[in-house]
Amino acid sequence: MKFAVTIEDTGERYDCADEESLLSGMVRLGRRGIPAGCCGGGCGVCKIEVTAGEFEARVMSRQHVSVVDQAQGRVLACRVYPRSDISLRVVGKMHKCLARTAVPSPRLPSLDAEVDE
Amino acid sequence: MAMTGVLRPGHAQVRVLNLEESVRFYRDVLGLVETGRDAQGRVYFKCWDERDHSSYVIREADSAGLDFFAFKVLDKATLEKLDADLQAYGLKTERIPAGEMLATGERVRFELPSGHLMELYAEKTAVGNGLGVVNPAPWGREREHGIGPVRLDHALLYGPNVAEVQKIFTEVLGFYLVERVLTPDGENNAAIWLSCSHKVHDIAFAEYPEKGKLHHCSFLMETWEQVLRAGDIMSMNKVAVDIGPTRHGVTRGCTIYAWDPSGNRFETFMGGYQPYPDNTEPLTWTFDNFGQGLDYPQRKLHETFLTVVT
């Protein structure tokens, strides 16, 4: 079963099946700048805040997601599976990456340009 | 060459978020040999060709990462001497009694200025590689199970105060600097590769603001074909792969970086060259060539290399 996921920061939408994580659906957007990280709930780079919708969360590192965080929907996208349509906001490292690429702009040659995001 | 003092990486203890899922991964996908479980719930593994009881230990916890990394030393006298040397250098050491880990003798534990707990020990029960010591076969069934690495080879750890860490390893523990990456201003080392043997590294460190981070534990493969086979097995099992298969410029090692189910990075590695301690001039990479140092063919400084740790 597929659900619609809305990234509030950019207005983008993508479909995400109930057996795939919100992160893998997001990565399928093919967008540069999505920091996929370890994909195992350990490194914390894919932190998001679910603002609306139901999801199932698998175990993730308490170093990056406190009990309070999790209760308020601040979770790691790689460990969260949709159970309804979802609205989310990106936080932390992911927010920086998305914000940087949200508006197409010429990339200046710099160290940044050599980094494979 | 005479091998004295610190011999080699001995064991790593790594935290996982789900024990049984991780056991299945390490046993059936990476292809380590499970050698025991203890009363604390820790699960012990070794690589097929290692003779000592265990080299990689996992425990369930609410965060991923490294508990400690240990080196085996030549004998008990060496252990006593290195403990005294560490204390004389100004480091606080702690004794962990024999038997606290399965099949393992007394350990000397100390904390590095990078925030990592290191251990030294002299004794671990030899259980053999299953092939015997008289007229042994070159390999057995265990090599063909999963990825099947030969041994725990090294680790790369991220934390602050790398210059101080380098002094401890080179001035107290008998390691030498094999390669380094300079900071952008060229004044300091951003990353260092240290050897206590004639392996291209037994441990490596990179400067990072947070203490005590694990970048990866590395497992040795025998051939490049075996590294490619490892990549096939990772994909068959939907393992999250970070970088590779490719070759590092630093160490010349051939590599795949990937993540265990809790996000702890591991490496399947082969190759490199054989440095000796009389190579007094380390190979040096300037920061603007870090990309080649990491991924020589693609010349890319993959962002995950710098930012994704547990």
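Naming: A, B, ... by sequence-line order, numbering from 1 per chain.
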Could you tell me which non-hydrogen atom of [X] sits nearest to which non-hydrogen atom of [Y], and how far apart they are?
X: B:Val308; Y: A:Cys38; answer: CG1-N, 3.8 Å
X: A:Val45; Y: B:Thr307; answer: CG1-O, 4.4 Å
X: A:Gly42; Y: B:Ala64; answer: CA-CB, 4.1 Å

Mind checking the CZ-CG spacing from A:Arg58 to B:Leu17? Nearest 0.5 Å is all I need.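 Result: 13.0 Å between the selected atoms.
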Measuring from atom SG of A:Cys43 to atom CG of B:Asn264, what distance do you get when rounded to the nearest 0.5 angstrom?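 Going from SG on A:Cys43 over to CG on B:Asn264, the span is 10.5 Å.
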Tell me every residue that passes side chain to side chain donor-acceptor pair (under 3.5 Å) with A:Thr6, counting only those two or more places apart in sequence or in another chain.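 Counting only residues at least two positions away or on another chain, A:Thr6 forms a side chain to side chain donor-acceptor pair (under 3.5 Å) with A:Arg13.
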More than 12 heavy atoms of other residues, nucleotides or ligands under 6.0 Å from OH of B:Tyr296: is that the case?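 No, OH of B:Tyr296 has 12 or fewer neighbouring heavy atoms, counting only those of other groups under 6.0 Å.
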Check this for me: A:Glu8, atom CD, are more than 12 non-hydrogen atoms of other residues, nucleotides or ligands nearer than 6.0 Å?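 Atom CD in A:Glu8 is crowded, with more than 12 foreign heavy atoms closer than 6.0 Å.
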Determine which pairs satisfy salt bridge (charged side-chain N to carboxylate O under 4.0 Å, His left out) with at least one residue from residues 77-88 of chain A, sequence neighbours left out, and list them in order.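 For residues 77-88 of chain A: A:Glu56-A:Arg83.
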Please list, in residue-number order, every residue in residues 226-245 of chain B that has a heavy atom less than 4.5 Å from any heavy atom of chain A; write 'none' if there are none.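 Hits under 4.5 Å: B:Ala240.
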Test ring pair (Phe, Tyr, Trp, His ring centres under 6.0 Å) applied to B:Phe266 - qualifying residues, sequence neighbours left out: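 For B:Phe266, the residues satisfying ring pair (Phe, Tyr, Trp, His ring centres under 6.0 Å) (neighbours in sequence not counted) are B:Phe25.
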